[in-house]
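The structure under discussion appears below in the form of structure tokens.
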Protein chains: 2
Amino acid sequence: MQVHSSGKIFREQKVVSVTRKDQVYTILRQAIISSQLSPGEAIRKEIVAAQLGVSRTPVSDAINRLADEGLVEIYPQTGTFVARLWLDKIETAQFVRLALETAAIRRAAERITPDTLTLFRQNLEQQRRAAERLDFEQFYELDEALHDMICDAAGLVGLREIASKERSQIDRVRRLLLHYETRMMETLIEHEAIIEAIAEKDPERAARTMEAHILQMGKLLMHLREKRPELFGS
Amino acid sequence: MQVHSSGKIFREQKVVSVTRKDQVYTILRQAIISSQLSPGEAIRKEIVAAQLGVSRTPVSDAINRLADEGLVEIYPQTGTFVARLWLDKIETAQFVRLALETAAIRRAAERITPDTLTLFRQNLEQQRRAAERLDFEQFYELDEALHDMICDAAGLVGLREIASKERSQIDRVRRLLLHYETRMMETLIEHEAIIEAIAEKDPERAARTMEAHILQMGKLLMHLREKRPELFGS
DNA sequence: AAATAACACCTAACATGTTACACGCTAGCT
DNA sequence: AGCTAGCGTGTAACATGTTAGGTGTTATTT
């Protein structure tokens, strides 16, 4: 594992600073969201540290951050576990996501530029191709990227990071749902409707369309809970 | 400083776990939000550790968490500073607050119970008394408590914590504005209008009233920036 | 005198040793 | 047999030692 490859700072503005704890954080987060690590599974700090070739410190730091984000559960003096799925927490995350993204899309619709719109449409085109070849993973990534782009289009510094963090729980669930996902085409059509509303600078319609889109996930979630109860908490 | 006074766990449900890093976090956060520590001021981990009678580890952990929250700025290998106020970050925080709290109040208005309403009105009564004796600090605390109670009334697990965290930046600014604050009575009237709309189970009016309430802060902010430019970043 | 390069200092980042506590197990008591 | 108390084990929490790199200063060169 590389050491801080470049911690450049202009004293007023942090350019980039990739410390080991940041790298460990990114690796673990990715592993959790992609379900390489299963909900409920123990995380042994010492082993993770050994595997990544670092000491326990940056691993602990990364795990603390993940705990804040709700992706791991730390039981003091006992152990650290990949967080199980809690329906009530998912409900809250869904609510927050809905509130933030509908508000963001309203702003985006008001201040959309042709350039950004072109980026949106390129993304949609790629989504269409991914859907046609049934490439779930790729489709999912493009989906996430589109939501990020909409956040950026709202023109608020740091909003994407906040939205992305609050979406962690949802992203995990969506990943697990991928293989039960049969509505890729429907999802694509919803995305197109959202972008269309933005293009027409119609904030209200954009927000309502986004809302309908986000709420689709609820039913699938119940399906997952029946199929894989072991992933869920109490 | 006390050691984890009780880290009780029922394996499925964390009851309470006050570790040293939690205590340090709470102390530092309070100090920053209340402006006992000024924006831009250096935080010397070693000195903080000595003052609190702990080692550098829990202090570092607490500071990492505060950095996530945007309350401190860490410059790798250089130093840690109380975050200055950045207009663009405050703008984003304001946006997030608006999105979350208007959405929360809609839900609260839909599911309000007489008991909760009574609590709201008790709070308002206390606010009135605090306003009458020009007790800024007390009024401010009651204000925060009211917003927290509204979050809780939305009936979503963990929403208050999320909202409270995202409000950190705003809370700092409001504290600084307290002594320039001349509109305590107006604020109280706005609060009363919000609660009234909830009581009448009118989500739309409640949300619009809340929106107007939150947006009041903008002008005061510009005033502060002129009076105390040293608190602000670039 | 101005520009630049070398260097010393200070800090966060990282490594590692130590402690205390949650939990499971077992033995002993009822 | 069932229940409780004490003990052993393993982990996070905490303490402390070490390293590396950013910043400011100073010396040197032009």
Side-chain angles (χ1 to χ4, degrees), chain A residues 1-28 40-68 71-83, chain B residues 1-28 40-68 71-83:
Chain A
M1 170 165 279
Q2 275 291 355
V3 185
H4 346 114
S5 46
S6 96
K8 290 233 172 57
I9 294 196
F10 287 140
R11 188 67 190 76
E12 292 295 322
Q13 188 184 355
K14 190 187 300 185
V15 175
V16 63
S17 164
V18 182
T19 59
R20 293 188 201 188
K21 70 176 163 229
D22 292 331
Q23 296 176 50
V24 175
Y25 167 79
T26 303
I27 291 169
L28 284 178
E41 184 176 347
I43 298 177
R44 301 284 314 284
K45 292 184 183 186
E46 203 155 20
I47 292 177
V48 172
Q51 285 176 340
L52 297 179
V54 299
S55 78
R56 301 177 339 246
T57 308
V59 176
S60 287
D61 287 346
I63 285 179
N64 282 332
R65 215 169 135 192
L66 291 166
D68 269 344
L71 291 177
V72 304
E73 299 170 2
I74 299 174
Y75 295 96
Q77 260 69 5
T78 303
T80 302
F81 305 86
V82 178
Chain B
M1 170 165 280
Q2 276 291 354
V3 185
H4 345 116
S5 46
S6 100
K8 291 233 171 58
I9 295 201
F10 286 139
R11 188 67 190 78
E12 292 295 321
Q13 187 183 355
K14 190 186 301 185
V15 176
V16 63
S17 165
V18 182
T19 60
R20 293 189 200 188
K21 69 176 164 228
D22 292 332
Q23 298 175 49
V24 174
Y25 167 78
T26 303
I27 291 169
L28 284 178
E41 185 176 347
I43 298 177
R44 302 285 313 286
K45 292 183 184 188
E46 203 155 20
I47 291 176
V48 172
Q51 284 176 340
L52 297 178
V54 298
S55 78
R56 302 180 333 249
T57 308
V59 175
S60 287
D61 288 346
I63 285 178
N64 282 332
R65 215 169 136 193
L66 290 166
D68 268 344
L71 291 177
V72 304
E73 299 170 3
I74 299 174
Y75 295 94
Q77 259 71 6
T78 303
T80 302
F81 305 86
V82 178

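On a predicted model such as this, the values are computed, not experimentally measured, just so you know. In what follows, chains are A, B, ... by sequence order, proteins preceding strands, each numbered from 1.
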Do B:T57 side-chain and D:dA13 base share a donor-acceptor contact under 3.5 Å?
no
Ranking D:dA15, D:dT23, D:dA12 by distance to the side chain of A:Q77, first place goes to D:dA12
Do the side chains of A:D61 and A:T57 get nearer than 4.5 Å, heavy atoms only?
yes
Between A:D22 and B:G79, who's closer to the 5' end of DNA chain C by nearest nucleotide?
B:G79
From the set D:dA12, D:dC14, C:dC14, return the single nucleotide nearest to any side-chain atom of A:P76.
D:dA12
Think B:K21 has a side-chain N or O under 4.0 angstrom from the OP1 or OP2 of D:dA13?
yes
Nearest to side-chain heavy atoms of A:R44, which nucleotide of C:dC23, D:dT11, D:dG22
D:dT11
Quick one: does B:I63's side chain get under 4.5 Å of B:V24's, heavy atoms only?
no
Sugar-phosphate only, base, or nothing, as touched by B:I43 at under 4.0 Å among non-hydrogen atoms:
sugar-phosphate
A:R20 CZ to C:dT16 P: how many Å, rounded?
10 Å
Check the phosphate of D:dA12 against A:T80, side-chain N and O only, distance under 4.0 Å to OP1 or OP2. Yes or no?
yes
B:R56 side chain near D:dC14 phosphate (N/O to OP1/OP2, under 4.0 Å)
no
Looking at A:S60 and A:K45, what are the two nearest heavy atoms and their distance?
OG-NZ, 3.2 Å
Is the distance from OP1 or OP2 of D:dA15 to the nearest side-chain N or O of B:S55 less than 4.0 Å?
yes
